[in-house]
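In this text the structure is predicted, and so the values were computed from the model without any measurement. Note that ligands are numbered from 1 as they come in the structure, with each ligand's atoms numbered from 1 the same way.
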Amino acid sequence: MASNKILVIGSSNTDLIAKTKRIPAAGETVEGKQYLQAMGGKGANQALAAHKLGGDVKFITSLGNDTNGKKTLKYYKKIGLDVGSSLIVKDIPSGTAMIWVDDNGENRIIINPGANKELSSEYMLSKKEEIVNSDVVLLQMEIPYDTVKTICEMASVAGKKVILNVAPAYKIDYEIIQNIDVLIVNETEAELISGKKINIVGAEGVINCLLELGVKSVVLTLGKNGCIMKDKDRRQIIVPAFDVKAIDTTAAGDTFCGGLVAELSRGHDWKRALNFASAASAICVTQMGAQPSIPSEVEVEYFLKDSCKYQN
Ligand code: RIB
């Protein structure tokens with residue numbers, strides 16, 4: 001079966017990552033254990049993940065005409081990720097992210113959006129044919145909210161499948177929700193949008209609330225507790241997480257999204273796609289950095305075969 005065309009629209013950053021035994025308190029200086037500079041940004045990570053995991057991907061982003069921007073464009077072109085419709089802005093730096101990773105692999109991130117903020121609704125309206133020529137549109141929340149709203153509307157009117165990963169967490173409104181086919185959220189994001197607490201109404205209660213708001217399918221990721229997909233027809237699939245030692249959880253969610261979209265767009269069913277995405281995400285957390293830790297399709301297939309051996 002031919003793969004559906006995936007269009008990812010979103011941010012690009014250069015990540016400056018420091019691994020440290022513990023996160024410093026206010027006014028404190030601590031020594032880092034490792035430093036890494038790598039490409040990142042939720043949009044770029046998801047586009048790269050979907051591309052490496054076998055999807056037919058185009059990526060629209062916004063970069064400054066600076067060293068980081070030029071390097072980023074050159075790299076994506078080299079690895080065969082189509083970024084030809086991206087916006088290049090003058091006099092505004094490309095996005096950067098400062099990432100602290102502690103010994104448990106947990107991160108804290110500050111993003112400086114720079115050029116990502118310039119990806120406007122007007123620009124996307126001028127790229128309508130890219131949406132029309134795609135089958136699936138995948139978005140996150142590191143570009144302006146109004147742009148996300150415009151893209152969701154354009155894609156929905158054009159009959160495309162709209163997948164929104166609401167990261168970083170944002171209280172999206174009904175104008176966006178009504179145009180979403182698949183909402184991918186973690187616990188924090190789900191609670192913010194639904195206004196309900198998981199420890200009070202349970203994961204299913206929060207998912208039901210999101211479905212009642214008008215989303216067609218919800219994927220709730222629960223970290224070590226796996227993920228749940230539930231759709232408006234009340235079909236529910238629960239997939240456990242793979243047990244791995246986390247070195248750095250940065251881009252775990254992005255890898256999950258990219259893997260899920262790649263596998264669904266090859267025509268695989270939800271159960272298989274969720275399992276594939278979880279495996280890709282599990283591999284991702286075993287290495288440092290966002291993009292350096294995103295596995296290939298072959299690596300995920302090996303990992304899945306191996307984990308089957310241990311389960312039997
Ligand atoms: O999701 C991880 C990403 O968040 C990092 O690559 C960083 O750039 C921030 O956007």
Q | Nearest-0.5 Å distance that lies between atom NZ in Lys196 and atom CD1 in Ile200 | A | 10.0 Å
**Q.** Distance filter under 4.0 Å to Ala290 heavy atoms, resulting ligand 1 atoms
**A.** 6 (O)
Q: Would you mind running through ligand 1 and noting each atom that sits below 4.0 Å from a heavy atom of Gly40?
A: 6 (O), 8 (O)
Q: Kindly confirm or rule out an N or O of Asp15 lying under 3.5 angstrom from an N or O of ligand 1.
A: yes
Q: Find all atoms of ligand 1 within a distance of less than 4.0 Å from any non-hydrogen atom belonging to Asn13, and give their numbers and elements.
A: 7 (C), 8 (O), 9 (C), 10 (O)
Q) Is there a nitrogen or oxygen of Gly41 sitting under 3.5 Å from a nitrogen or oxygen of ligand 1? A) yes
Q) Any chance the side chains of Asp15 and Gln37 put a donor and an acceptor closer than 3.5 Å? A) no
Q) Side chain of Asp248, backbone of Val285: donor and acceptor closer than 3.5 Å? A) no
Q) Using 30° and 60° as the class limits, which term best fits the ring planes of Tyr145 and Tyr170: parallel, tilted or perpendicular? A) parallel
Q. Judging by distance only, is a nitrogen or oxygen of Asn45 under 3.5 angstrom from one on ligand 1?
A. yes
**Q.** Element-labelled atoms of ligand 1 that are located less than 4.0 Å from some non-hydrogen atom of Ala97
**A.** 7 (C), 8 (O)
(Q) Do Val261 and Leu139 sit in one hydrophobic cluster, given that two such residues count as connected whenever their side-chain heavy atoms are within less than 4.5 Å of each other, even indirectly? (A) no
Q. In the protein, what heavy atom is nearest to atom 2 (C) of ligand 1, and what distance, to one decimal place, separates them?
A. Asp254 OD2, 3.3 Å
Q | Protein heavy-atom partner closest to atom 4 (O) of ligand 1 - residue, atom, separation in Å | A | Lys42 NZ, 3.1 Å
Q) Quick one: nearest non-hydrogen protein atom to atom 9 (C) of ligand 1, plus distance? A) Glu142 OE2, 3.5 Å
Q | Of Asn65, Asn68, Asp66, the residue whose pairing with Ser94 passes side chain to side chain donor-acceptor pair (under 3.5 Å) | A | Asp66
Q. Between the side chain of Glu212 and the main-chain N/O of Cys209, is any donor-acceptor distance below 3.5 Å?
A. no
